[in-house]
Amino acid sequence: MLIVNTIDKLEKILFEVHASEKSVGFVPTMGALHAGHISLVKQAVTDNDYTVVSVFVNPTQFNNLADLQKYPRNLEKDVALLQASGCDLVFAPSKEEIYSNEELNKHFEFDFGGLDQVMEGTFRPGHFNGVVQVVSKLFKLVKPGKAYFGEKDFQQLAIIHRMTELLNFDVEIVDCPIVREESGLAMSSRNERLTPEQRNIAVGISKVLVECRNFVPTYTPEKLKQWVKNEIYQIQGLELEYFEIVNTKTLQPAKSWNEPTVGCIAVYCGDVRLIDNIRCS
Ligand code: PAF
């Protein structure tokens with residue numbers, strides 16, 4: 001497995017790979033890898049001749065400096081996990097390698113078609129601009145045939161699909177299911193920051209989400225939304241940021257169960273922000 005830190009070297013290696021007509025799979029990550037990421041990498045390794053994984057904590061998608069500073073980083077451990085999962089190349093650039101000063105200071109613009117006006121977009125202004133900024137850059141460099149993203153970041157995935165279409169990237173976006181701990185807690189790099197006690201409390205999030213499906217279709221989406229909110233309010237140690245039941249394509253609030261819907265939640269457990277989601281219909 002190769003570890004590459006510069007664009008120059010990445011482009012030289014990938015030029016050869018593309019010239020030999022190997023299929024290239026790509027998994028963009030911010031490191032602090034867990035079983036959820038590894039499932040994406042293994043899928044990429046199965047589907048493609050050559051797998052590239054990027055490890056880059058992208059500063060432009062953090063709207064909160066403290067969150068960026070606290071984001072877990074452990075490249076050595078990540079490299080060991082990637083080596084064991086069959087990855088061919090790890091791209092781990094510096095901030096300066098990816099962005100010019102101008103790019104770091106200028107607001108990146110993208111037409112989200114309203115997908116950024118709800119949920120994460122409301123609570124993390126500018127977050128998705130940063131995501132599109134870095135993923136579009138990485139797609140241009142890696143030129144993958146397939147790119148793998150987890151459904152845990154449901155809204156991000158919808159936005160990546162839109163970006164791919166709008167910017168005409170010749171890449172298939174592969175949606176990969178959420179990987180959960182045995183307790184049901186959705187795998188996340190942020191889980192590393194939970195104390196054992198907080199981890200037990202956070203399990204309540206997936207429990208409530210799983211239970212809420214029992215009320216479909218008896219409750220309306222609005223009534224179910226209130227039910228979930230009340231359940232989360234009752235769990236000491238969790239602070240709800242939002243829970244929305246939305247159409248899986250438009251991300252607009254669901255009006256009935258006749259459309260494909262997903263319930264998306266963001267919750268604070270202490271100062272750790274966790275997200276999760278569940279398909280409802
Ligand atoms: O999902 C993530 O880890 C990040 O948002 C991504 C897609 C790697 C872009 O920085």
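These figures come from a predicted structure and were not determined experimentally.
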- Contacts of Y233 that satisfy ring-ring contact (aromatic ring centres under 6.0 Å, His included) - sequence neighbours left out: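 Here no residue qualifies.
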
- Applying ring-ring contact (aromatic ring centres under 6.0 Å, His included), name anything that partners F110, two or more places apart in sequence or on another chain.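 For F110, the residues satisfying ring-ring contact (aromatic ring centres under 6.0 Å, His included) (neighbours in sequence not counted) are F112.
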
Of the non-hydrogen atoms in [X] and [Y], which two are nearest, and what is the gap between them?
X	Y	result
I235	G204	CD1-CA, 3.9 Å
P72	S189	CG-O, 3.6 Å
I178	A186	CG2-CB, 3.9 Å
N64	A66	OD1-N, 2.9 Å
L138	S54	CD1-OG, 3.7 Å
G263	C280	N-SG, 3.8 Å

- What residue pairs, at least two apart or across chains, pass ring-ring contact (aromatic ring centres under 6.0 Å, His included) with a residue in residues 149-170?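 Only F139-F169 qualify under ring-ring contact (aromatic ring centres under 6.0 Å, His included).
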
- Item | Summary of ring-ring contact (aromatic ring centres under 6.0 Å, His included) pairs that have at least one residue in residues 51-105, sequence neighbours excluded |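 The answer is F62-Y71.
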
Drop me the distance from [X]'s [atom1] to [Y]'s [atom2], to the nearest 0.5 angstrom.
X	Y	atom1	atom2	result
Y50	S23	OH	OG	12.0 Å
D276	S188	CG	OG	9.5 Å
T164	I159	OG1	CD1	11.5 Å
N191	L185	CG	CG	4.5 Å
F128	L115	CZ	CG	9.0 Å
S136	L166	OG	CG	11.5 Å

Side-chain donor or acceptor of [X] paired with backbone N/O of [Y] under 3.5 Å:
X	Y	answer
N58	G130	yes
Q61	H127	no
H37	H34	yes
K9	T6	no
Q83	A80	no
H18	V142	yes

- Determine, step by step, whether E120 and I275 satisfy the side-chain contact (heavy atoms from CB on, under 4.5 Å) criterion, reporting the C-alpha distance in whole Å, the side-chain angles of both residues, the deciding distance to 0.1 Å, and the verdict. CA-CA 9 Å; E120 295 296 289; I275 60 170; 3.5 Å; yes

Evaluate the side-chain proximity of [Y] to [X]: yes if any heavy-atom separation is below 4.5 Å, no if none is.
X	Y	value
K22	E16	no
T51	L89	no
I245	L224	yes
I173	L157	yes
L194	C269	yes

Do [X] and [Y] share a hydrophobic cluster, counting only Ile, Leu, Val, Met, Phe, Trp and Tyr and linking them when any side-chain heavy atoms are less than 4.5 Å apart?
X	Y	answer
I7	V52	yes
L209	Y242	no
I265	V246	no
I278	L251	no
V131	M119	yes

- Taking the six-membered ring of Y219, is NZ or CZ of K223 closer than 6.0 Å to its centre and within 45° of its axis?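 Yes - K223 lies over the ring of Y219, closer than 6.0 Å to its centre and within 45° of its axis.
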
- Query: If you look only at pairs with a residue in residues 69-89, which of them pass as a salt bridge (Lys or Arg N to Asp or Glu O under 4.0 Å), with sequence neighbours excluded?
  - Reply: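 Those involving residues 69-89 are K70-D271.
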
- Could you name each residue pair satisfying salt bridge (Lys or Arg N to Asp or Glu O under 4.0 Å) that touches residues 150-164, not counting sequence neighbours?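 Sorted result for residues 150-164: D111-R162, E151-R279.
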
- Can you name the side-chain hydrogen bond (donor to acceptor under 3.5 Å, both in side chains) partners of E231, sequence neighbours left out?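 Expected list: none.
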
- Item | Pairing residues for K137 by the side-chain hydrogen bond (donor to acceptor under 3.5 Å, both in side chains) criterion, not counting sequence neighbours |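 Checked K137 against side-chain hydrogen bond (donor to acceptor under 3.5 Å, both in side chains); matches are E103.
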
- Pair R199 + E192, salt bridge at N-O below 4.0 Å: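 A salt bridge is absent here (no side-chain N lies under 4.0 Å from a carboxylate O).
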
- Message: I need the full list of side-chain hydrogen bond (donor to acceptor under 3.5 Å, both in side chains) pairs touching residues 204-216, with sequence neighbours left out, sorted by first then second residue.
- Response: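 For residues 204-216: none.
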
- Can you run down the side-chain hydrogen bond (donor to acceptor under 3.5 Å, both in side chains) pairs that involve residues 251-266, sequence neighbours left out, and say none if there aren't any?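 Every pair satisfying side-chain hydrogen bond (donor to acceptor under 3.5 Å, both in side chains) with a residue in residues 251-266: N247-E259, T261-S281.
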
Atom [atom1] of [X]: over 12 foreign heavy atoms under 6.0 Å:
X	atom1	result
F15	CZ	no
Q226	CD	yes
K146	NZ	yes

- Task: Begin with the C-alpha distance, continue with both residues' side-chain angles, and end with the deciding distance and a verdict on salt bridge (charged side-chain N to carboxylate O under 4.0 Å, His left out) for R190 and D67.
- Result: CA-CA 10 Å; R190 290 165 198 261; D67 199 21; 3.1 Å; yes

- Query: In terms of side-chain heavy atoms, does Q133 have a donor or acceptor partner in N129 at a distance below 3.5 Å?
  - Reply: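 Judged by distance alone, the side chains do not pair up.
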
- Under the side-chain contact (heavy atoms from CB on, under 4.5 Å) criterion, do F108 and V132 qualify, and how do the steps go? CA-CA 9 Å; F108 179 85; V132 169; 3.7 Å; yes

- So L14 and E11, side-chain contact (heavy atoms from CB on, under 4.5 Å) or not? Walk me through it. CA-CA 5 Å; L14 289 182; E11 286 189 323; over 6 Å; no

- Quick one: salt bridge (Lys or Arg N to Asp or Glu O under 4.0 Å) partners of K225, sequence neighbours excluded?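 K225 satisfies salt bridge (Lys or Arg N to Asp or Glu O under 4.0 Å) with E244 only.
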
- Message: My understanding is that a hydrophobic cluster links ILVMFWY residues whose side chain heavy atoms are under 4.5 Å apart, including indirect links. Using that, what else belongs to the cluster containing V174?
- Response: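 Direct or chained contacts put V174 with M1, I3, V27, L33, I38, L40, V41, V45, V53, V55, L75, V79, L81, L82, V90, Y148.
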
